[in-house]
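Notes to accompany the following structure.
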Amino acid sequence: MQALSIWPSHGGSLVVPHLDFEHGSSCFASIKPRSRKKWSLIDGRGHSFLLLSSYARFSRSETCCRNLNCCLRFEFLCCYSKLKVVLFCEPKGGSSSGLVASAWALERQETGNELEREGSYSKDDDNGNGDRSEEVDISSEGEVELESARIDVRALARSLQFAKTADDIEKVLKDMGELPLQVHSSMISGFGRDKYMDAAMSLVEWLKRKKKESGGGIGPNLFIYNSLLGAVKHSKQFGEMEKILDDMAEEGIIPNIVTYNVLMAIYVEQGEATKALNVLEEIQEKGFSPSPVSYSTALYAYRRMEDGHGALKFFIELREKYVKGDIGRNADENWEYEFVKLEKFTVRICQQVMRRWLVKDENLSTNVLKLLRDMDNVGLKLSREDYERLIWACTREEHYLVAKELYSRIRESFSEISLSVCNHLIWVMGKAKKWWAALEIYEDLLDKGPSPNNMSYELVVSHFNILLSAARQRGIWRWGVRLLNKMEEKGLKPGSREWNAVLVACSKASETTAAVQIFRRMVEQGEKPTIISYGALLSALEKGKLYDEALRVWDHMIKVGVKPNLYAYTIMASIFTGQGNFKMVNAVFQEMASSGIEPTVVTYNAIISGCDRNGMSSAAYEWFHRMKVQNISPNEITYEMLIEALANDGKPRLAYDLYMRAQNESLNLSSKAYDAVVQSSQVYGATTDLSVLGPRPPDTKKVQIRKNLTEFCNIADFPRRSKPFDRKEIYIPPKQGNQ
C-alpha cells in the first residue's frame, strides 16, 4: 500500500510516499563515507517521522532518487512501520524548491523505472514486465492527506475512469478544491496502465481549462505531460503521442531527458526501434546527457530488432565513451553501478537474440556462432544458465554445430552442467545423425558427471540401435562388432536386438565364422537367442555351405523350444536344396503345413536359387510349375533366377519363353536376365526373334555389401583414424563375474 502525504516546506507543500516496513526487520541506515550527514527519528502525534538532512539520499526497491534538486545523498532502511518521510532542504531556486522536490517522485516513477522495467534492465524478464513497487496506480489503496482532510485517491480515480470529456471530470472535481498536481499525475499513470486513456486525456484537458480560468495558477506542467506520455505507452494508444507533443509545444513546455526516454520506450513498444535510436541521437543534439535509462532503452530497441550484432556494437561504443570519461560525469548517477547493469543487460540481450535466431524457420546457426565469437573478443561472457537456455533452443538437425559449441564452452568454463541439457544434446546429435558425437557426450557423463539416468541410457542405446541397423542393412559387420564392444565398455548391456543386428550383418556379408562367434558371445553374456538369432546364424551357415553345422543348430533350436518361423523354414529348405535332398525339402513343406505356416514366393525363390547355384535347372523349372499350381505368383526374382539357370544349362528356348511370359505379366526384368537370354540364344544357335525382347533394360545399381569401415565412418560421423580391425575383437572371453 502506498499513499501520498502533504507536508509543509519553505516552498509550499511537499508530497512524499508513505513507505511501509515490517517490524523486526534487520534494517539499518547506511551512509556513504563522503556524506556523513545527521538524521534522526522522532515521534509526534502518534506518528513516526524520519528527518533527513538537506544532503540525504534514499532509495527503495533498488531505485535511487537522483534527480532531486536539493541533492539528496542518503540511503536508508528502517525498522519502523508506516514511516512518514519529511524532507527539510534549502531551496536552490527560491520558493520553487518544494515543487521541484515533489515533482521528483513523479519523474522517477513515470519514466526511469518504467524504461528500466521495459528493457528488463533491472529484472530478468523477456516481455519487459517488471516490478511496480515504485508506482501508484488506481488499483492500489492510495490516500492523500491534505492538512486536516484525507482524500482517497483510489476512490477518486475510480469515479473518473469512465470520463470521456473535461466536463465529465468537472462534475466530479468541481467541489473538491485545488488538488496537488501529483494526485493528477498518479491518476493519469493509473488510467494508462488500466487502459482508460480517454479519462487520462480528459483530465489533462480539464487541467488546461483550469489554467485558463485561474490565469495560470494551476495547470499541466512537464511532469503531467510526461505522465500522459507514459499512459500512452501503457495503454498502447500510440496515436495520441503526436497530439500530446503538439500540446506541449503550444503550452511552451520544453521536453527534458525523461520525456525523450518515454518517447524512446513508446517507439520500441510500437515496433519502430529505428525511430527510438533516432531519438537517442536527438537527445545528444539537444544538448542533453543520455541517462542509463536512455542507453538501456536503446539496447532493448536492438533486442526488438533481433540485432544482436548491433546491440554488441552499441555497447562497445558506450564502453569506450565510459572509459574515456565522455559519459558518467553526472554526479546524480552512480555510473559505476549503472554501467555494470548495462553490461549485464547487453549480455542478456545477445542471449535473447541468439535464442530467437535459433527458433526461426531459417537456419541462422552461422549468425549465432559469429555473435558468440564477437562476444568473446570484447570480453562478454554468457553464464552457464544462458548457454543451457540456448542449447534448449537447438531442436533441428542443422543446429548440431551450435549445440556442440555451446556444450564445449560449458565443459571448458564451468564445473557443472545440467543432466537434462546433456540428454537433450544427445537427442539433438542423434537427430542430426551425429551418433558418435552423442556417444562422446554420454562418455563425458560417465567420466565427468553428472551421472547418466534412465533417459540418458535409453537415448544412447537408441543411437546404438540406429548404427547397428545401418551396419546390418549394409553388411558392415566389423562395425557391428565394434559397436557391441563399445556398448559393453561403457556399461551398456546389449539386448537381443543389438546382438541380432550384428548376426544379420554377418549373414549378409557371408561371414560364417564371425556369425558363429557372435552367437557364442551372445549366449555367454546371458542373452537368450531368439528365432531371429537362429535364423541369421542358419543363413550364415547356409551361405558358407556348412550344412551339417546348420542341421545341428536347427536341432538345438527345436530342443530349447524356439518355434521356427517362415524365415527359418525357408533357410532349411534352401539348405536341403543345396544338398540335393529334395525329399527333405518336401518334409520341410509338410512340417510347415502342420504348423499352419504357408510357403510364400520367398520360399520358392530360395529353392530355385539353390537349384541355380548347383546347376539343377530342371529341378528349378519343376519347382516353378509347383508354385504355379499352389497359386503363388512368381515375381521378378523368380523369373530372373530361373531364366539364368536355364540359359546357363543350355536351354535358351525355355529361357526365351519365360522372358516373354514375364513381359506379358508386366514384370520388369533386369538387364542380367536379358543378357542371359541373348547370350544363350547366340551360343546355342536358338531360332528366336531377339527383336521381340525389346530394348535392353537399364542396368540397376546393386546394393554392395561393404566389408570395410569407410562407409560406416561416413554414416556415424566417426573419424577415420581408427585402428585396423582385428579379428580378435569378434570374440571377447567373458569376465569371471559373468560366468
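The residues of the chain are indexed from 1 along the displayed sequence. Predicted, not measured: the structure shown is a model, and the values here were computed from it.
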(message) Can you tell me how far apart OH (Tyr300) and CZ (Arg348) are? Round to the nearest 0.5 Å.
(response) 10.5 Å
(request) Begin from the C-alpha positions of Met248 and Leu222 and carry the test side chain to side chain contact (heavy atoms under 4.5 Å, CB included) through to its verdict. (result) CA-CA 8 Å; Met248 290 178 65; Leu222 174 61; 3.9 Å; yes
(request) Could you tell me whether a side-chain N or O of Asn221 sits under 3.5 Å from a main-chain N or O of Phe223, the two making a donor and an acceptor? (result) yes
(request) Give a yes or no on whether the backbone of Val268 and the side-chain of Arg304 come within a donor-acceptor separation of less than 3.5 Å. (result) yes
(message) What's the separation between atom CD in Gln351 and atom CZ in Arg303, rounded to the nearest 0.5 Å?
(response) 9.5 Å
(message) What verdict does the side chain to side chain contact (heavy atoms under 4.5 Å, CB included) test give for Leu280 and Phe314, after you've listed the backbone C-alpha separation in whole Å, the side-chain angles of each residue and the deciding distance to 0.1 Å?
(response) CA-CA 12 Å; Leu280 181 62; Phe314 179 84; 3.6 Å; yes
(request) May I ask you to decide if the ring planes of Phe191 and Tyr196 are parallel, tilted or perpendicular, using 30° and 60° as cut-offs? (result) perpendicular
(request) Compute whether any side-chain donor of one residue and acceptor of the other, for Glu306 and Trp357, lie under 3.5 angstrom apart. (result) no
(request) Start with the C-alpha distance between Thr346 and Leu380, add both sets of side-chain angles, then the distance that settles side chain to side chain contact (heavy atoms under 4.5 Å, CB included), and finish with yes or no. (result) CA-CA 9 Å; Thr346 303; Leu380 294 184; 4.1 Å; yes
(request) Mind listing the closest non-hydrogen atom pair of Ser235 and Lys195 along with its distance? (result) CA-CD, 3.5 Å
(request) Write down the atom of Ser159, the atom of Val172, and the distance for their closest heavy-atom approach. (result) OG-CG1, 3.6 Å
(message) More than 12 heavy atoms of other residues, nucleotides or ligands under 6.0 Å from NZ of Lys344: yes or no?
(response) no
(message) Can you confirm whether Leu173 sits close enough to Leu156 that some side-chain heavy atom of one is under 4.5 Å from a side-chain heavy atom of the other?
(response) yes
(request) Just do the salt bridge (charged side-chain N to carboxylate O under 4.0 Å, His left out) check on Lys208 and Asp247 with the steps written out, would you? (result) CA-CA 10 Å; Lys208 290 167 63 178; Asp247 283 352; 3.5 Å; yes
(message) Pairing donors with acceptors under 3.5 angstrom, does anything connect the side chains of Ser294 and Ser291?
(response) yes
(request) Check Leu160 against Ala199 and note the closest heavy-atom contact, atom names and distance. (result) O-CB, 3.4 Å
(message) Whether Asp167 and Arg209 form a salt bridge (side-chain N of Lys/Arg under 4.0 Å from carboxylate O of Asp/Glu) is what I want to check.
(response) yes
(message) Counting C-beta onward and ignoring hydrogens, is there a side-chain heavy-atom pair between Met264 and Val293 closer than 4.5 Å?
(response) no
(request) Evaluate the side-chain proximity of Ile188 to Ile224: yes if any heavy-atom separation is below 4.5 Å, no if none is. (result) yes
(request) To the nearest 0.5 angstrom, please state how far the OG atom of Ser289 sits from the CD1 atom of Ile257. (result) 8.0 Å
(request) Measure centre to centre between the rings of Phe315 and Phe339, then say whether the value is under 6.0 Å. (result) yes
(message) Rounded at 0.5 Å granularity, tell me how far CG in Leu245 sits from CG in Leu229.
(response) 5.5 Å
(request) Say whether, by atom type as modelled, one donor and one acceptor occur between the side chain of Arg384 and the main chain of Ser413 under 3.5 angstrom. (result) no
(request) Compare all side-chain heavy atoms of Val347 with those of Lys381 and state whether any distance is below 4.5 angstrom. (result) no
(message) In the structure I gave you, are the side-chain heavy atoms of Ile316 and Glu320 within less than 4.5 Å of one another anywhere?
(response) yes
(message) To check you understand the geometry: which heavy-atom pair defines the closest contact between Ala301 and Leu277, and what is its length?
(response) CB-CD2, 4.1 Å
(request) Decide, yes or no, whether a salt bridge links Lys275 with Glu282 under the criterion of side-chain N to carboxylate O below 4.0 Å. (result) no
(message) Taking the basic N atoms (NZ, or NE/NH1/NH2) and the acidic carboxylate oxygens, is any pair closer than 4.0 Å for Glu343 and Arg319?
(response) no
(message) I want to check something: taking the side chain as every heavy atom from C-beta on, are Lys360 and Leu364 in contact at a cut-off of under 4.5 Å?
(response) yes
(request) Could you pull out the closest heavy-atom pair between Val378 and Leu312, with the gap in Å? (result) CG2-CD1, 3.8 Å
(request) Say whether Asp168 and Ser202, considering side chains only, have a donor N or O and an acceptor N or O under 3.5 Å apart. (result) no
(message) Rounded at 0.5 Å granularity, tell me how far CE in Met241 sits from CD1 in Ile266.
(response) 6.0 Å
(message) Tell me if a side-chain donor or acceptor on Thr259 pairs with a main-chain N or O of Asn256 at a distance below 3.5 Å.
(response) yes
(request) Specify the closest pair of heavy atoms between Val359 and Ala393, including all atoms of both residues, with the distance to one decimal. (result) CG1-CB, 4.3 Å
(request) Decide, yes or no, whether a salt bridge links Asp386 with Arg389 under the criterion of side-chain N to carboxylate O below 4.0 Å. (result) yes
(request) Verify whether the ring centers belonging to Trp392 and His399 lie closer than 6.0 Å. (result) no
(request) Carefully, step by step, assess Trp335 and Leu342 under the rule side chain to side chain contact (heavy atoms under 4.5 Å, CB included). (result) CA-CA 10 Å; Trp335 265 99; Leu342 287 169; 4.1 Å; yes
(request) Classify the side-chain pair Arg158/Gln161 by whether it contains a donor and acceptor separated by less than 3.5 Å. (result) no
(message) Would you say that Tyr295 contacts Ile327 through its side chain, given a criterion of any heavy-atom pair below 4.5 Å between the two side chains?
(response) yes
(message) Taking ring pair (Phe, Tyr, Trp, His ring centres under 6.0 Å) as the cut-off, I'd like each qualifying pair that reaches into residues 265-287, sequence neighbours left out, listed once.
(response) none
(request) Using a 4.5 Å cut-off on heavy atoms from C-beta on, say whether the side chain of Met354 contacts that of Val402. (result) no
(request) Could you tell me the separation between the OG atom of Ser418 and the NE2 atom of His424, rounded to the nearest 0.5 Å? (result) 11.0 Å
